[in-house]
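First listed ligand is number 1; within each ligand, the first listed atom is number 1.
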Amino acid sequence: MAAASFTAAKFLAPVAARSGGDRAPPLPAIGAASARPRRGAQQTRLRTALAVSSDVLAGNKAAQAAAGEPVVTREEALEVYEDMVLGRVFEDMCAQMYYRGKMFGFVHLYNGQEAVSTGFIKLLNQADCVVSTYRDHVHALSKGVPARSVMAELFGKATGCCRGQGGSMHMFSAPHNLLGGFAFIGEGIPVATGAAFAAKYRHEVLKQSSPDGLDVTLAFFGDGTCNNGQFFECLNMAQLWKLPIVFVVENNLWAIGMSHLRATSDPEIYKKGPAFGMPGVHVDGMDVLKVREVAKEAIQRARRGEGPTLVECETYRFRGHSLADPDELRKPDEKSHYAARDPITALKKYIIEYNLATESELKSIEKKIDDIVEEAVEFADASPHPPRSQLLENVFADPKGFGIGPDGKYRCEDPKFTQGTAQV
Ligand SMILES: Cc1ncc(C[n+]2csc(CCOP(=O)(O)OP(=O)(O)O)c2C)c(N)n1
Ligand SMILES: [Mg+2]
């Protein structure tokens, strides 16, 4: 059975019980494994995948916890803590820099959602791929792109990971297999599906992948994006071809100012996995250790060649949609409900309770991160702007096209170019 490696099926409390939104959705009476054979459908086409609950710490893990044993080692806990603190401090610094006029365009911060990025991406190998959205800085950091390259990119500087051509919504780094932030919602999902197809091709046809198994791709996107056709098309292809991909939905309950519960006919996104024959899993996205357990299982399934998994992480953003959003639509009690579940505070508590590290050890991690982020700002600020000749680079595939003149020089190098008088 496709979902056999996930723990037993156990259903969530109805979504209506969640905080957020202003309309209770009709409660779906659909059991996860309830997909009935359509008339004439063959037995072999029956869906066998299960939608499973987030409670992955049940069973062995619960026994471990009951016996007073932590579910992570000290090294793992500290790595995870450091990455989450890096994400938070970096984003807070971005807010400061944005309001000081150091960044241009829209900037979407990730505060509150760190458990998802860290819980998944820190389990990847270098050769594995990440595809993100416009809320992409922290995914880049978790994948190992240096903070100074991300900050310089945000400042539009030549030393940024895209040499200043991408900006906030388009982080990309080939050496880290970060295949991009994408500003159009859903746009990254086919790219991720293609990357997963390439990994399968390398493994099965070219016999090129590592002995561990297939390289895995993680596609991150939001709840609002799950009502977009590309999501459904890619779920279909990924399952049809058993691609090594994990679809990670960061369900923060809102798509700009649209409540997920108002916009979605069945708000339990994870149940859409079994509709395509893959496991769908819901996890508490404010608990990094739970996310990590689910992520481990989904990534291993993909690596073993067992195909895709859809994981819905219930999370929350602590700031407005972007730094230009006054965030007046979400109710204060909803915000405070999730603020009280801050994933970094929760992990800190866990680390101390289980004696994985002392308060002062965590403080020194926080200090180290403060220094890294300070240095990133200094580096970005001191870096040069991209040269004018870079303006049309990567815009035109045809070197004889609009961007480059017959003399082989970029047309933008013509001093008359910006005056609109250059011959093109
Ligand atoms: C194809 C497309 N349509 C509309 C938009 C405008 N838009 C920008 S963000 C957004 C909401 C996305 O919400 P969600 O997927 O939940 O992600 P979140 O911002 O919550 O991380 C929309 C509709 C867009 N970027 N792309
Ligand atoms: Mg959302």
Side-chain angles (χ1 to χ4, degrees), residues 15 18-23 25 87-88 91 94-95 98 105-121 130-142 166-171 180-193 218-235 247-270 272 282-286 291 310-331 334-335 337-338 343:
V15 172
R18 294 184 197 175
S19 170
D22 51 11
R23 170 170 75 82
R88 179 70 59 88
E91 295 292 65
C94 285
Y98 177 87
F106 289 109
V107 174
H108 308 81
L109 299 188
Y110 195 73
N111 299 51
Q113 301 185 200
E114 297 87 354
V116 182
S117 179
T118 302
F120 269 91
I121 299 177
V130 167
V131 175
S132 182
T133 66
Y134 45 81
R135 207 178 292 289
D136 58 352
H137 316 162
V138 176
H139 295 145
L141 296 172
S142 294
S168 170
M169 299 194 261
H170 303 105
M171 295 295 162
F182 289 88
F184 289 110
I185 66 166
E187 187 192 6
I189 309 178
V191 174
T193 306
L218 302 183
F220 290 90
F221 48 93
D223 45 287
T225 306
C226 295
N227 295 324
N228 180 309
Q230 295 180 85
F231 168 67
F232 298 99
E233 293 174 43
C234 290
L235 252 57
F247 298 101
V248 185
V249 184
E250 303 202 45
N251 182 357
N252 58 17
L253 304 175
W254 290 86
I256 314 184
M258 172 55 77
S259 156
H260 177 58
L261 303 184
R262 277 188 79 193
T264 309
S265 61
D266 182 347
E268 290 172 293
I269 301 166
Y270 72 106
K272 291 169 187 170
H282 174 278
V283 66
D284 176 358
M286 302 304 265
V291 172
L310 172 65
V311 181
E312 176 186 356
C313 305
E314 186 184 335
T315 182
Y316 202 71
R317 62 172 156 74
F318 289 168
R319 289 177 176 270
H321 171 71
S322 74
L323 284 172
D325 172 14
D327 194 18
E328 286 162 348
L329 291 168
R330 301 184 304 167
K331 298 201 172 88
E334 179 184 301
K335 293 186 205 179
H337 169 79
Y338 283 100

S.K.: Any idea how Phe221 and Phe247 line up, ring-wise: parallel (<30°), tilted (30 to 60°), or perpendicular (>60°)?
M.R.: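 Perpendicular.
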
S.K.: Looking at Gly224, which atoms of ligand 1 are within less than 4.0 Å of one of its heavy atoms?
M.R.: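 So the answer, numbered in order with elements, is 14 (P), 15 (O), 16 (O).
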
S.K.: Strictly distance-based, threshold 3.5 Å: is any side-chain N or O of Arg330 a donor or acceptor partner for the main-chain N or O of Arg319?
M.R.: yes

S.K.: So do the side chains of Gln113 and Glu91 get within less than 4.5 Å of each other, counting heavy atoms only?
M.R.: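 They are not in side-chain contact.
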
S.K.: Work out which heavy atom in Thr315 is nearest to a heavy atom in Met286; give both atom names and the distance.
M.R.: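 What the structure gives for the nearest pair is OG1-SD, 3.6 Å.
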
S.K.: Identify the protein heavy atom lying closest to atom 7 (N) of ligand 1, giving its residue, its atom name and the separation to 0.1 Å.
M.R.: Ile256 CD1, 3.8 Å

S.K.: Identify, by atom number and element, the atoms of ligand 1 in contact range of His321, meaning under 4.0 Å from any of its heavy atoms.
M.R.: 9 (S), 19 (O)

S.K.: Under 3.5 Å, is there a donor-acceptor pair between the side chain of Asp136 and the main chain of Met171?
M.R.: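 Yes, Asp136 side chain to Met171 backbone: donor-acceptor pair under 3.5 Å.
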
S.K.: By number and element, which atoms of ligand 1 are closer than 4.0 Å to a non-hydrogen atom of Asn252?
M.R.: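 Listed by number with element: 18 (P), 20 (O), 21 (O).
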
S.K.: If we only count N/O pairs under 3.5 Å, is Arg317 in contact with ligand 1?
M.R.: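 Looking only at distances, the answer is no, because the N/O contact criterion of under 3.5 Å is not met.
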
S.K.: What do you reckon, does Phe221 put a non-hydrogen atom under 4.0 Å from ligand 1?
M.R.: no

S.K.: How many angstroms lie between atom CG of Asn228 and atom SG of Cys234, to the nearest 0.5 angstrom?
M.R.: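 One finds 9.5 Å between CG of Asn228 and SG of Cys234.
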
S.K.: After noting the C-alpha distance and the side-chain angles of His108 and Ser168, does the key distance pass the side chain to side chain donor-acceptor pair (under 3.5 Å) rule?
M.R.: CA-CA 8 Å; His108 308 81; Ser168 170; 5.0 Å; no

S.K.: Kindly confirm or rule out an N or O of Gln113 lying under 3.5 angstrom from an N or O of ligand 1.
M.R.: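 For ligand 1, there is no N or O atom that lies under 3.5 Å from one belonging to Gln113.
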
S.K.: Determine yes or no for a side-chain-to-main-chain donor-acceptor pair under 3.5 angstrom, with Glu312 supplying the side chain and Ile269 the backbone.
M.R.: yes

S.K.: Using a 4.0 Å cutoff against the non-hydrogen atoms of Ala183, which atoms of ligand 1 qualify?
M.R.: 25 (N)

S.K.: Evaluate the side chain to side chain donor-acceptor pair (under 3.5 Å) criterion for residues His282 and Glu268: first the C-alpha distance (whole Å), next the side-chain angles of each, then the deciding distance (0.1 Å), finally the verdict.
M.R.: CA-CA 8 Å; His282 174 278; Glu268 290 172 293; over 6 Å; no

S.K.: Are Asp223 and Leu253 close enough, and set up right, to give a side-chain contact (heavy atoms from CB on, under 4.5 Å), and what steps lead you there?
M.R.: CA-CA 7 Å; Asp223 45 287; Leu253 304 175; 5.8 Å; no

S.K.: In the protein, which heavy atom is nearest to atom 3 (N) of ligand 1, and how far is it?
M.R.: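 Atom 3 (N) of ligand 1 sits closest to the protein heavy atom Ile185 CG1, 4.0 Å.
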
S.K.: For Thr133 and Thr225, what are the C-alpha separation, side-chain angles and deciding distance, and is it a side-chain contact (heavy atoms from CB on, under 4.5 Å)?
M.R.: CA-CA 10 Å; Thr133 66; Thr225 306; 5.8 Å; no

S.K.: Check whether any N or O atom of Ala255, backbone or side chain, sits under 3.5 Å from an N or O atom of ligand 1, and answer yes or no.
M.R.: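 It does not: no N or O of Ala255 is found under 3.5 Å from an N or O of ligand 1.
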
S.K.: Kindly say whether Ser117 contributes a backbone atom to a donor-acceptor pair with the side chain of Tyr110 at under 3.5 angstrom?
M.R.: yes

S.K.: For Arg135, state whether at least one heavy atom is located under 4.0 Å from any atom of ligand 1.
M.R.: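 Yes, Arg135 has heavy atoms under 4.0 Å from ligand 1.
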
S.K.: Considering only heavy atoms of Phe184, which atoms of ligand 1 have at least one such atom less than 4.0 Å away?
M.R.: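 Close to Phe184: 25 (N), 26 (N).
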
S.K.: Could you check whether atom 24 (C) of ligand 1 has a protein contact, counting only heavy atoms that fall below 4.0 angstrom?
M.R.: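 Protein heavy atom within 4.0 Å of atom 24 (C) of ligand 1: present.
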
S.K.: Which of the atoms in ligand 1, numbered in the order shown and given with their element, are less than 4.0 Å from a heavy-atom of Thr225?
M.R.: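 Within the 4.0 Å cut-off of Thr225, ligand 1 contributes 15 (O).
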
S.K.: Of the options Phe106, Tyr134, Trp254, which is the one that meets His321 in a ring-ring contact (aromatic ring centres under 6.0 Å, His included)?
M.R.: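 The residue from Phe106, Tyr134, Trp254 that satisfies ring-ring contact (aromatic ring centres under 6.0 Å, His included) with His321 turns out to be Tyr134.
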
S.K.: Looking only at protein heavy atoms, which one is nearest to atom 9 (S) of ligand 1, and how far off is it?
M.R.: Tyr134 OH, 3.2 Å

S.K.: Which protein N, O or S atoms sit under 2.8 Å from the Mg ion (ligand 2)?
M.R.: Asp223 OD1, Asn252 OD1, Trp254 O

